[in-house]
Amino acid sequence: QVQLVESGGGLVQAGGSLRLSCAASGRTYYAMGWFRQPPEKEREFVAAINWSGTSRDYADSVKGRFTISRDNAKNTMYLQMNSLKPEDTAVYYCAARRGAGVARSVGEFDYWGQGTQVTVSS
């Protein structure tokens, strides 16, 4: 089992930055990812990273603005979000999967955090 707890969300103006953290407990030898769910929309892929951090994948909408990373010594994953836009407003979820490689679909992830709200004002 893996327990995931997100933190770092909040309210920021367009063009600003936030860093989300995801603290993992339990077995952590998993690939991980970030998803988001805008109001009244389905959950969507944001970024993913493999166990070693050597493979990363990003949604086109965040490529060049967001950076995913992890510190396995601290059992923590991060999402650095720069140049934020109002359309980035969503609940952001941390997820982990038992597979080794990165993935993009909700169904490929086995464990989820409770989510953290990110609101970007224009």
Side-chain angles (χ1 to χ4, degrees):
Q1 284 287 342
V2 176
Q3 293 78 44
L4 305 171
V5 179
E6 304 96 335
S7 62
L11 173 64
V12 64
Q13 288 188 333
S17 298
L18 282 175
R19 188 176 82 156
L20 305 183
S21 298
C22 173
S25 59
R27 180 170 180 174
T28 58
Y29 303 139
Y30 295 135
M32 299 182 72
W34 289 99
F35 289 75
R36 66 186 182 187
Q37 189 162 11
E40 301 183 2
K41 294 186 178 180
E42 294 190 352
R43 197 167 298 189
E44 62 185 25
F45 170 75
V46 175
I49 188 168
N50 68 345
W51 156 246
S52 63
T54 56
S55 179
R56 309 180 192 197
D57 189 23
Y58 296 94
D60 287 345
S61 59
V62 306
K63 199 171 292 184
R65 300 188 297 124
F66 291 11
T67 302
I68 189 171
S69 62
R70 66 191 296 166
D71 184 341
N72 290 335
K74 296 181 178 180
N75 290 338
T76 303
M77 178 180 65
Y78 305 98
L79 185 69
Q80 178 66 44
M81 305 186 294
N82 299 329
S83 302
L84 282 161
K85 305 175 182 180
E87 51 263 45
D88 295 318
T89 295
V91 177
Y92 282 70
Y93 295 91
C94 167
R97 64 186 302 263
R98 290 190 288 266
V102 297
R104 287 188 162 220
S105 66
V106 170
E108 293 182 277
F109 286 79
D110 304 291
Y111 305 100
W112 294 86
Q114 82 289 349
T116 186
Q117 177 71 46
V118 171
T119 303
V120 184
S121 63
S122 57

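Predicted, not measured: the structure shown is a model, and the values here were computed from it. All values below come from the heavy atoms of this structure, side chains included, with hydrogens, waters and symmetry mates left out.
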Quiz item: Can you find a heavy atom in the side chain of Arg56 that is under 4.5 Å from one in the side chain of Thr67?
Solution: yes
Self-check item: Residues which pass ring-ring contact (aromatic ring centres under 6.0 Å, His included) with Tyr111, listed by chain and number, not counting sequence neighbours
Solution: Tyr30
Self-check item: Test ring-ring contact (aromatic ring centres under 6.0 Å, His included) applied to Phe45 - qualifying residues, sequence neighbours left out
Solution: Phe35
Do side-chain atoms of [X] reach the backbone of [Y] as a donor and acceptor pair under 3.5 angstrom?
| X | Y | result |
| --- | --- | --- |
| Asp57 | Ala48 | no |
| Gln37 | Glu42 | no |
| Thr119 | Leu11 | no |
| Asp71 | Met77 | no |

Practice problem: Please list all pairs passing the side chain to side chain donor-acceptor pair (under 3.5 Å) test where one or both residues lie in residues 8-20, with sequence neighbours left out. | Solution: Ser17-Asn82
Quiz item: Cationic tip of Arg36 within the cone over Tyr93's six-membered ring, i.e. under 6.0 Å and within 45° of the normal?
Solution: no
How close do [X] and [Y] get, counting heavy atoms only, and between which atoms?
| X | Y | answer |
| --- | --- | --- |
| Pro86 | Ser122 | CG-CB, 3.8 Å |
| Ser21 | Thr76 | CB-CG2, 4.3 Å |
| Gly101 | Ala31 | O-CB, 3.3 Å |

Got a second to check how far [X]'s [atom1] is from [Y]'s [atom2], nearest 0.5 Å?
| X | Y | atom1 | atom2 | result |
| --- | --- | --- | --- | --- |
| Leu79 | Trp34 | CG | CH2 | 6.0 Å |
| Ser7 | Leu20 | OG | CG | 8.0 Å |
| Met81 | Asp88 | CE | CG | 7.5 Å |
| Cys22 | Glu6 | SG | CD | 5.5 Å |
| Asn50 | Ile68 | CG | CD1 | 9.5 Å |
| Gln1 | Ser25 | CD | OG | 10.0 Å |

Practice problem: Consider only side-chain heavy atoms of I, L, V, M, F, W and Y, link residues closer than 4.5 Å, and tell whether Leu18 and Tyr92 are in one cluster. | Solution: yes
Quiz item: When hydrophobic residues are tied together by side-chain contacts of less than 4.5 Å, even through go-betweens, does Phe66 share a cluster with Val12?
Solution: yes
Practice problem: For atom CD of Gln114, decide whether the heavy atoms of other residues, nucleotides or ligands shown that lie under 6.0 angstrom number more than 12. | Solution: yes
Practice problem: State whether the number of non-hydrogen atoms from other residues, nucleotides or ligands found under 6.0 Å of Lys63 atom NZ is greater than 12. | Solution: yes
Self-check item: Phe109 and its side chain to side chain contact (heavy atoms under 4.5 Å, CB included) partner, picked from Arg97, Arg104, Met32
Solution: Arg97
Practice problem: Report yes or no: do Glu87 and Thr89 form a side-chain donor-acceptor pair below 3.5 Å? | Solution: no
Quiz item: When you look at Tyr58 and Ile49, which way does the side chain to side chain contact (heavy atoms under 4.5 Å, CB included) test go after all the steps?
Solution: CA-CA 9 Å; Tyr58 296 94; Ile49 188 168; over 6 Å; no
